[in-house]
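A short write-up of the structure that comes next.
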Amino acid sequence: MARYSAALVVLVVLGLLAACSGASEPTGRSDLAPVAGRPDDPDARRSRWVGIGSYDACGLAWAFDLVQDGNRISGHMLWETVRYDLSGTLAPDGTLAKARAGKSPDFNGTPAPRFVIVTLVFGARRAVGHYAAETRGSHDCATEVRLTRYAAE
């Protein structure tokens, strides 16, 4: 039963991510194959980074859909049913440190933390890091994340 619940959560999160971002999912598309290169690689300066998880430290589903354009990162984090907008600049070493993702205006009435703090280190094909809710000066639900790089449209 737990496996079916986890699978259902993943399907719901994928559906919400697609609905919120308006972008199609990378599954089965040849133009979204993983690419090589570092964030400062001139041949791969525009990439899409995607990651999904069924349960974080608070038991909630999460998903990231980010676009890298040179040293700029922008996109969305979906945390259960709330979308957060993320925007930041990569350091020369490929680090996005303590970026503050704010709750999207469409979700301001939804009970959830107003901000999520995201730290990621971007490599050739993967980005690894963590996020945590920012609530009353503490960081709750700290969760490790892994994103995969795809060629952007």
Side-chain angles (χ1 to χ4, degrees), residues 10 12-54 56-58 60-110 112-153:
V10 169
V12 168
V13 169
L14 283 173
L16 288 171
L17 181 62
C20 290
S21 70
S24 59
E25 291 300 316
T27 307
R29 297 202 34 205
S30 61
D31 61 329
L32 291 176
V35 297
R38 296 213 29 96
D40 57 352
D41 182 351
D43 295 328
R45 294 196 48 87
R46 185 160 167 79
S47 301
R48 184 172 178 199
W49 297 85
V50 178
I52 187 169
S54 58
D56 67 5
C58 286
L60 304 173
W62 59 269
F64 279 89
D65 187 1
L66 305 177
V67 173
Q68 174 191 347
D69 192 3
N71 67 341
R72 300 285 307 154
I73 296 288
S74 62
H76 307 287
M77 175 193 173
L78 188 64
W79 195 19
E80 198 66 17
T81 60
V82 179
R83 186 179 73 207
Y84 290 85
D85 297 326
L86 182 122
S87 180
T89 303
L90 292 179
D93 66 353
T95 302
L96 178 69
K98 297 183 181 177
R100 198 172 192 205
K103 200 185 315 183
S104 295
D106 296 344
F107 294 88
N108 278 341
T110 307
R114 187 170 178 188
F115 296 100
V116 174
I117 304 300
V118 179
T119 298
L120 294 166
V121 178
F122 290 81
R125 296 175 188 248
R126 302 266 187 253
V128 296
H130 63 277
Y131 70 85
E134 182 182 65
T135 56
R136 296 188 184 163
S138 66
H139 298 295
D140 297 331
C141 302
T143 301
E144 181 181 335
V145 298
R146 294 180 180 275
L147 309 180
T148 302
R149 184 180 205 169
Y150 296 90
E153 298 180 274

Side chain to side chain contact (heavy atoms under 4.5 Å, CB included) partners for Thr89, two or more places apart
Asn71, Arg72
Rounded distance [0.5 Å steps], CD1 in Ile52 versus CG in Leu78
8.5 Å
How about Trp62 and Val145: do any of their side-chain heavy atoms sit closer than 4.5 Å?
yes
Between the main-chain N or O of His76 and the side-chain N or O of Arg83, is there a donor-acceptor pair closer than 3.5 Å?
no
Taking side chain as C-beta onward, heavy atoms only, is Arg125 less than 4.5 Å from Thr148?
no
Polar side-chain atom of Gln68 near backbone of Gly70 as donor-acceptor pair, under 3.5 Å:
yes
If every non-hydrogen atom of Thr119 is compared with every non-hydrogen atom of Lys98, which pair is closest and at what distance?
OG1-N, 3.1 Å
Please list, chain by chain and in numerical order, all residues satisfying side chain to side chain contact (heavy atoms under 4.5 Å, CB included) with Asn108, sequence neighbours excluded.
Lys103, Pro105
Side-chain H-bond candidate by donor/acceptor type, Trp49 with Asp65, under 3.5 Å:
no
Measuring from atom CG of Leu66 to atom OG of Ser47, what distance do you get when rounded to the nearest 0.5 angstrom?
11.5 Å
Is there a side chain to side chain contact (heavy atoms under 4.5 Å, CB included) between Phe122 and Ile73? Walk through the geometry before answering.
CA-CA 11 Å; Phe122 290 81; Ile73 296 288; 3.8 Å; yes
Asp56 vs Tyr131 side-chain heavy atoms within contact, under 4.5 Å
yes
Working to the nearest 0.5 Å, report the span between CG of Leu96 and OG of Ser87.
9.0 Å
Given Arg100, which partner from the list Ile117, Val118, Val116 fulfils the side chain to side chain contact (heavy atoms under 4.5 Å, CB included) test?
Ile117
Check whether any side-chain heavy atom of Thr95 lies under 4.5 Å from a side-chain heavy atom of Leu90, and answer yes or no.
no
I need the Trp79 CH2 to Phe64 CZ distance, nearest 0.5 Å.
10.0 Å
Please report the shortest heavy-atom distance between Tyr84 and Pro113, naming the atom on each side.
OH-O, 2.6 Å
If you look at every heavy atom in Leu86 and Ala99, which pair is closest and at what distance?
CD1-CB, 4.2 Å
Nearest heavy-atom approach of Ser104 to Asp85 is OG-OD1, 2.7 Å
